Amino acid sequence: MLSRGQLLARGTSIWGVARGLERKAITLAAPAVYRLASAPQTWEQRVMAAVLWSGAGMASHRTAAALHGLDGCKELGVEISTVKQRHFKVPV
């Protein structure tokens, strides 16, 4: 999982991102967040996509508890905390 900003900071051009999408080498996981198409989709990827999309967020509440493996906490939805208010449903 990489944000558009991370890709650009690593030297990938906007055109390179577009080519990767066109060739289906990468897919859009969230707005301006990409994942390798060959990687199996996981709940952890959904969490990371939401965190990267938020810009300054972190996994929180039940999501953080599940990531830490606390008893009784399951990988269900994705909850993040951020200073910005954004609403987005990460694709399943």
Side-chain angles (χ1 to χ4, degrees):
M1 305 302 290
L2 289 168
S3 69
R4 181 178 297 138
Q6 289 172 323
L7 285 168
L8 296 175
R10 293 172 192 253
T12 305
S13 68
I14 292 290
W15 305 113
V17 173
R19 276 193 305 274
L21 288 167
E22 185 179 289
R23 293 177 181 165
K24 299 188 188 305
I26 59 173
T27 61
L28 193 62
V33 178
Y34 306 92
R35 71 173 198 76
L36 289 175
S38 60
Q41 293 183 21
T42 65
W43 176 77
E44 289 85 353
Q45 282 182 349
R46 291 179 48 220
V47 173
M48 187 54 128
V51 169
L52 288 172
W53 174 74
S54 74
M58 65 186 88
S60 63
H61 300 84
R62 290 172 288 212
T63 298
L67 286 169
H68 285 283
L70 298 181
D71 288 339
C73 298
K74 299 178 183 175
E75 300 171 354
L76 298 172
V78 174
E79 297 172 318
I80 61 168
S81 293
T82 182
V83 294
K84 299 176 184 177
Q85 185 174 356
R86 292 185 170 184
H87 299 282
F88 175 72
K89 186 167 184 144
V90 177
V92 177

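In this text, all values refer to a predicted model and were calculated from it rather than measured experimentally.
- Minimum interatomic distance between Q45 and Q41 (heavy atoms only, all atoms of both residues): OE1-CA, 3.3 Å.
- By the salt bridge (charged side-chain N to carboxylate O under 4.0 Å, His left out) test, E79 is found to be paired with R62, residues two or more places apart in sequence or in another chain being considered.
- Of the possible donor and acceptor atoms, none in the side chain of W53 sits under 3.5 Å from a partner among the backbone N and O of M48.
- I14 belongs to a hydrophobic cluster whose other members, connected by ILVMFWY side-chain contacts under 4.5 Å either directly or through intermediates, are L8.
- By the side chain to side chain contact (heavy atoms under 4.5 Å, CB included) test, A65 is found to be paired with L70, C73, residues two or more places apart in sequence or in another chain being considered.
- Residues S81 and H61 are in side-chain contact: their nearest non-hydrogen atoms beyond the backbone lie under 4.5 Å apart.
- With sequence neighbours left out, the side-chain hydrogen bond (donor to acceptor under 3.5 Å, both in side chains) criterion links T42 to no other residue.
- Of all the heavy atoms in L76 and R46, the pair that sits closest is O-NH1, 3.9 Å.
- Heavy atoms of other residues, nucleotides or ligands lying less than 6.0 angstrom from CE of M1 number more than 12.
- Closest non-hydrogen pair, I80 versus A50, comes out as CD1-O, 3.4 Å.
- Under the side-chain hydrogen bond (donor to acceptor under 3.5 Å, both in side chains) criterion, the residue pairs touching residues 29-40 are R4-Y34, with sequence neighbours excluded.
- By the side chain to side chain contact (heavy atoms under 4.5 Å, CB included) test, L2 pairs with Q6, L7, R10, sequence neighbours left out.
- Atoms OG1 and NE2, from T63 and H68 in turn, are 11.0 Å apart once rounded to the nearest 0.5 Å.
- Contact of the E75 side chain with the E44 side chain is registered, since non-hydrogen atoms from C-beta on lie closer than 4.5 Å.
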Below 3.5 Å, can you tabulate the donor-acceptor pairs from side chains in residues 15-32 to any protein atom, sequence neighbours excluded?
none

